[in-house]
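Side chains included, hydrogens not; waters and symmetry mates left out as well; all remaining heavy atoms used. All values derive from a computational prediction rather than experimental measurement.
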Amino acid sequence: MSYQNWGPQDITAPRKSELPEVPVERGMVLEDVQSGWVGAVTRVEKSGGMHVVALEDRRGKSRTFRLGYGFLLEGLPIRLMPPAPRAQAAPAGSTRTASGSVRVAGQRAQVAKASRIWVEGKHDAELVEKVWGDDLRVEGIVVEPLHGIDDLTAAVAAFRPGPGRRLGVLVDHLVADSKESRIADAVMASPGAAGNVLIVGHPYVDVWQAIRPAVLGIDAWPVIPRGLDWKTGILTAFGWPHETKEDIGLGWQKLLGAVRSYADLEPSLLGRVEEVIDFLTVP
């Protein structure tokens, strides 16, 4: 027995060597083991000489916890540490990008190629950038939001796709017999599209739904009745502000903040984005 350890101790606390030490980050979704509280990190501050973290749940309620042991990240126990310094270099073992690709060290971003990835809106573009941005900069591929696909046929014609000027389009809710599928069929039948344009899609009403529910601390995405704006309905179900465009934008930033890598997204989106990147980068 070591007499240095004599006295009152928390026998439930794991040994320091047993758990990974993870610096806290804004948007990280954590669970406090003792209370069962699940929420996204909204702020970290020093109070009374110790670091505390505020976790906001899906209803918009917030609780504050002391950093240290007693947290789960993606279901695994960790020791939550103070934020890493902003100037801290990437760990030597960090050889993968957020998409899971091998990181290309020391290479500058390429000059943008003529080929493009088009997505339906700003949120789609931000999600693709967060997970695949490193890969796309290496390849020189730019992601552009369309703000809807009703005029996709005219937009593709104006783009003038051809060899060396390919176009990949990621569409929401691309399922059989939908409006989106009819638009896609019309585009692919237009002159110059064959071999130069690829339209793929995921089955979700909105790209928000491509985030795995477990990442947000929920069992499943809420079902929104027909006739109600989907994003408004989602924010209402979460108990978050939902009345203005600013509310919707802030709600999306909370959701996006929970995404750290490809593992936080549904396979049905991952496969389609990878398919588009391959189409644009393979000669």
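Residues Val143 and Pro145 share a closest heavy-atom pair of O-CD, 4.2 Å. Of all the heavy atoms in Gly217 and Val38, the pair that sits closest is CA-CG1, 3.8 Å. Between Pro213 and Glu266, the closest heavy-atom pair is CD-OE2, 3.6 Å. Shown here for Ala54 and Ser62, the closest heavy-atom pair between the two residues is CB-OG, 3.8 Å. Minimum heavy-atom separation, Val197 to Met188: O-CE, 3.2 Å. When every heavy atom of Leu235 is checked against every heavy atom of Pro241, the shortest pair comes out as CD1-O, 3.6 Å.
For the atom pair CZ of Arg43 and OG1 of Thr64, the computed distance is 5.0 Å after rounding to the nearest 0.5 Å. Residue Asp177 holds its CG atom at 7.5 Å from CZ of Arg182, rounded to the nearest 0.5 Å. Residue Glu275 holds its CD atom at 10.5 Å from CG of Leu280, rounded to the nearest 0.5 Å. Atoms CG and CZ, on Leu198 and Phe279 in that order, are 5.0 Å from each other to the nearest 0.5 Å. Note that the CH2 atom of Trp132 and the CG atom of Leu265 stand 5.5 Å from one another [nearest 0.5 Å]. Note that CD of Gln253 and NE2 of His123 are 7.0 Å apart. Values are rounded to the nearest 0.5 Å.
Panel note: side chain Glu120, backbone Asp172; a donor-acceptor pair is recorded below 3.5 Å. A donor-acceptor contact shorter than 3.5 Å is absent between the side chain of Arg26 and the backbone of Gly257. At least one donor-acceptor pair under 3.5 Å links the side chain of Ser178 to the backbone N or O of Ser181. Of the possible donor and acceptor atoms, none in the side chain of Arg165 sits under 3.5 Å from a partner among the backbone N and O of Asn196. Distance alone, capped at 3.5 Å, is enough to place a donor-acceptor pair between the Lys130 side chain and the Val259 backbone.
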*Can you list the steps and then say if Trp221 with Ile211 is a side-chain contact (heavy atoms from CB on, under 4.5 Å)?*
CA-CA 9 Å; Trp221 281 91; Ile211 301 174; 4.2 Å; yes
*Yes or no on side-chain contact (heavy atoms from CB on, under 4.5 Å) for Glu180 and Ile149, after CA distance, side-chain angles and deciding distance?*
CA-CA 8 Å; Glu180 291 80 4; Ile149 64 165; 3.9 Å; yes
*asked:* Quick one, Trp252 with Glu126, criterion side-chain hydrogen bond (donor to acceptor under 3.5 Å, both in side chains). Give me CA distance, side-chain angles, the key distance, then yes/no.
replied: CA-CA 10 Å; Trp252 165 240; Glu126 289 176 342; 2.7 Å; yes
_Val41 and Leu55: CA distance, side-chain angles, deciding distance, side-chain contact (heavy atoms from CB on, under 4.5 Å) verdict_ = CA-CA 5 Å; Val41 175; Leu55 302 183; 3.6 Å; yes
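A salt bridge links Arg137 with Glu129: the closest approach of a Lys/Arg side-chain nitrogen to an acidic carboxylate oxygen falls below 4.0 angstrom.
In summary, of the residues considered (Leu152, Val276, Leu170), a side chain to side chain contact (heavy atoms under 4.5 Å, CB included) with Ile199 occurs for Leu152 alone. A side chain to side chain contact (heavy atoms under 4.5 Å, CB included) with Leu80 is found for exactly one of Val53, Leu72, Leu73, namely Val53.
In this structure, the side chains of Met81 and His51 stay at 4.5 Å or more apart for every pair of heavy atoms. A heavy-atom distance below 4.5 Å is found between the side chains of Ile78 and Leu30. In this structure, the side chains of Val22 and Met28 come closer than 4.5 Å at one or more pairs of heavy atoms. The side-chain heavy atoms of Ile141 and Ser115, taken from C-beta on, include a pair separated by under 4.5 Å. Residues Leu67 and Pro82 meet the side-chain proximity criterion, which asks for heavy atoms closer than 4.5 Å.
Under the 4.5 Å side-chain heavy-atom criterion for grouping Ile, Leu, Val, Met, Phe, Trp and Tyr, Leu136 is not connected to Leu146 through any hydrophobic cluster. Leu270 and Val171 fall into different hydrophobic clusters, where Ile, Leu, Val, Met, Phe, Trp and Tyr are joined by side-chain heavy atoms under 4.5 Å apart, directly or via other members. Residues Leu269 and Ile234 fall within the same hydrophobic cluster, defined by Ile, Leu, Val, Met, Phe, Trp and Tyr side chains chained together at heavy-atom separations under 4.5 Å. No continuous path of hydrophobic side-chain contacts links Tyr204 to Leu216 [ILVMFWY only; heavy atoms under 4.5 Å]. Taking hydrophobic clusters as Ile, Leu, Val, Met, Phe, Trp and Tyr residues chained together by side-chain heavy-atom distances below 4.5 Å, Ile183 shares a cluster with Leu167.
Taking the centre of each ring, Trp118 and Phe159 come in below the 6.0 Å mark.
Counting heavy-atom neighbours within 6.0 Å of Asp229 CG, excluding the residue itself, gives a total above 12. For CG of Asp185, the number of neighbouring non-hydrogen atoms (other residues, nucleotides, ligands) closer than 6.0 Å is greater than 12.
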